[in-house]
**Q** 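Structure incoming, see below.
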Amino acid sequence: MRRRLLGLFIGGTALAAAGASLARPVVVNPCRAAIPVRLLDSPWLKQAWAGIDPAGLWDCHVHLAGLGDGGSGIEIGPQLSSPLQPVHYAQRLFYMNAGCAHDAPGAVDAAYVARLLNLCDAMPAGFKVMLFAFERFHDTAGHAHPEHSAFYVPNAWAARLAREFPARFEWVASLHPYHTSTVDDLKQAISAGARAVKWLPAAQGMDPASPRCDAFYRVLAESGTPLIVHCGEEKAVKGSDTQAYGNPLRLRRALDLGVRVVVAHCATMGTDIDDDGRVRSSFDLFLKAMAEPRAVDRLYGDISAIALRNRQPAVIRSLLEREDLHPRLLHGSDYPLPGVLPLISPATLARAGLLPKAAVADLDALREHNPLLFDFVLKRLLSWQGHSFSPAVFDTRRIFTVDRS
């Protein structure tokens, strides 16, 4: 299967390279392959790997994408497939370009996976990515609604890829807690090797504070399986009028039942309601939740997407300065987003005093070849007044490997 995937990837890359000259490089990902020796010898890359054990580095936030044309079972909902919703339709095109799967008619699923394997193979042995399945939107009765679902990535597809490429892939299940068979499905996913479960409440319709989640939480707690939850505002996909479910404070119920929870993106976008009824930034509520006694050894945050243009530099500075939190922060890329070239600007981060200006050119060049490595190097180079992310942030495997014997 891998040889077939790589063959498809090579063809897709050639088409992408042919079309790259038609658009500005800052907009369209040229999907270059092998990293030039000059970049591999860059002092910034060498600095990034100093003190990091690649075997402990699992990128804990990686999305699967496709069109369902390769037996994956992936489904694309109307909001991403219809030109009548131009913003979301354009987002899907950018995602496919970022994953270098946009020029592989009839083989998009395979091209996306082949590109991801190619990126991983440029990393040291031991490095892995955690592939996300993605559940549909469900109503309060536990019924799935494809018409309100941006997309669907089956657990079976993520599990299959992890099984076939164990040196580079782990997988993360996505299950709705309101579904009638959810407890049995969760146990089955854990038995099949799922390293965590991913929820996006604003797009999938689950309320983390609902008692209806308790049975689900008990299985997670008993098995030691972490729950990764998107908190704060959700921009990329929508489900229904459930943005409030992304409030970090709604995770208290899971924590009280013993679940280890990872807040995706550290809730670095949007606002939510505090206990006193006031509106505060979701990030401030994340920090509040992290400070509560119930959160000790249970609540974490992943740093995926924190460097996107729609995040405030003050948020990055705060995370860098809070070295007491670094053992509870986890590296994630939110791939394929680092491959959407307009979303991250190393030059802008350098002007904000968060990156060395001398590193910008190498970072820009590196991203065209390997967005995964680019995202890792960029975050290793982030600094503010002597503060940078400690190596513990990039020792992520420890959170997702538990003894289930």
Side-chain angles (χ1 to χ4, degrees), residues 63-69 71-82 84-85 88-89 91-92 109 131-160 171-192 194 196-223 225-247 250-254 257 259 261 264 272:
H63 293 279
L64 284 170
L67 296 178
D69 59 6
S72 66
I74 291 175
E75 299 173 4
I76 304 299
Q79 66 175 271
L80 293 180
S81 60
S82 173
L84 297 178
Q85 301 196 48
H88 289 93
Y89 184 78
Q91 283 178 340
R92 181 177 66 83
D109 295 357
L131 304 176
F132 284 2
F134 195 85
E135 183 56 280
R136 302 178 181 92
F137 173 81
H138 285 56
D139 61 25
T140 56
H143 299 135
H145 287 267
E147 72 277 12
H148 293 307
S149 304
F151 60 96
Y152 169 66
V153 179
N155 290 314
W157 178 237
R160 174 185 168 185
W171 76 286
V172 175
S174 189
L175 298 157
H176 202 287
Y178 299 173
H179 196 275
T180 54
S181 65
T182 191
V183 169
D184 290 338
D185 293 343
L186 175 57
K187 291 177 179 178
Q188 181 178 350
I190 293 170
S191 296
V197 172
K198 171 66 190 305
W199 285 357
L200 204 168
Q204 295 171 330
M206 69 280 288
D207 178 5
S210 170
R212 300 184 65 185
C213 300
D214 287 358
F216 196 92
Y217 289 153
R218 291 190 185 98
V219 175
L220 291 177
E222 290 168 3
S223 64
T225 305
L227 176 65
I228 303 172
V229 184
H230 178 107
C231 291
E233 186 177 4
E234 167 53 32
K235 286 286 191 182
V237 294
K238 62 181 180 178
S240 188
D241 187 21
T242 53
Q243 282 285 347
Y245 290 171
N247 187 331
R250 302 188 81 83
L251 298 173
R252 288 167 170 160
R253 190 175 195 93
L257 287 173
V259 181
V261 181
D272 282 299

**Q** Of the non-hydrogen atoms in Ala215 and Val183, which two are nearest, and what is the gap between them?
**A**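 That would be CB-CG2, 3.8 Å.
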**Q** For residues Ala144 and Arg136, report the shortest heavy-atom separation together with the two atoms involved.
**A**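 Closest heavy-atom pair between Ala144 and Arg136: CB-CD, 4.1 Å.
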**Q** Can you find a pair of side-chain heavy atoms, one from Pro154 and one from Ile74, that are under 4.5 Å apart?
**A** yes
**Q** As an exercise, state the distance from CG of Leu186 to OG of Ser191, rounded to the nearest 0.5 Å.
**A**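 It comes to 9.5 Å.
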**Q** Where the side chain of Thr182 meets the backbone of Tyr178, is there a donor-acceptor pair that is under 3.5 Å apart?
**A** no
**Q** Of all heavy-atom pairs between Asn155 and Ser174, which one has the smallest distance, and what is that distance?
**A** OD1-N, 2.8 Å
**Q** Can you tell me how far the CZ atom of Arg253 sits from the OG atom of Ser210, to the nearest 0.5 Å?
**A** 7.0 Å
**Q** Can you tell me how far CZ of Arg218 sits from CG of Asp214, rounded to the nearest 0.5 angstrom?
**A**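 Separation between the atoms: 5.0 Å.
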**Q** Indicate the ring-plane relationship of His145 and His148, choosing parallel, tilted or perpendicular according to the 30° and 60° boundaries.
**A**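 The arrangement is tilted - the two ring planes meet at 30° to 60°.
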**Q** Compare every heavy atom of Leu257 with every heavy atom of Ala221, then report the nearest pair and how far apart it is.
**A**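 Result for this residue pair: CB-O, 3.3 Å.
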**Q** Quick check for you: to the nearest 0.5 Å, what is the distance between Glu135 atom CD and Leu200 atom CG?
**A** 12.0 Å
**Q** Among Phe134, Phe137, Trp157, whose ring pair (Phe, Tyr, Trp, His ring centres under 6.0 Å) with Phe151 holds?
**A** Phe134
**Q** How close do Asp207 and Cys213 get, heavy atom to heavy atom, and via which atoms?
**A** O-SG, 3.3 Å
**Q** State, yes or no, whether a side-chain contact exists between His63 and Val153 at a heavy-atom distance under 4.5 Å.
**A** no
**Q** Going from CE on Met206 to NE2 on His138, what distance comes out if it is rounded to the nearest 0.5 angstrom?
**A** 8.0 Å
**Q** Identify the heavy atoms of Trp171 and Ala194 that sit nearest to each other, and give their distance.
**A**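 In terms of heavy atoms, the two residues are closest at NE1-N, 3.3 Å.
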**Q** With distance as the sole test, does Tyr152 use its side chain to make a donor-acceptor pair with the main-chain N or O of Gly73 at under 3.5 Å?
**A** no
**Q** Please work out whether the ring planes of Trp199 and Phe216 are parallel, tilted or perpendicular, with thresholds of 30° and 60°.
**A** tilted
**Q** Say whether, by atom type as modelled, one donor and one acceptor occur between the side chain of Tyr245 and the main chain of Arg250 under 3.5 angstrom.
**A**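 No: the side chain of Tyr245 does not pair with the backbone of Arg250.
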**Q** To the closest 0.5 Å, what do you measure between CG (Leu227) and CG (Leu251)?
**A**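 Those atoms lie 7.5 Å apart.
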**Q** Determine whether a donor-acceptor pair (N or O, by modelled atom type, separation under 3.5 Å) exists between the side chain of His176 and the backbone of Gln204.
**A**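 Between the backbone of Gln204 and the side chain of His176 there is a qualifying donor-acceptor contact (under 3.5 Å).
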**Q** For Gly68, is there any backbone N or O sitting under 3.5 Å from a side-chain donor or acceptor partner on Asp109?
**A** yes
**Q** Can you check side chain to side chain contact (heavy atoms under 4.5 Å, CB included) on Glu222 and Lys187, steps first, answer last?
**A** CA-CA 11 Å; Glu222 290 168 3; Lys187 291 177 179 178; over 6 Å; no
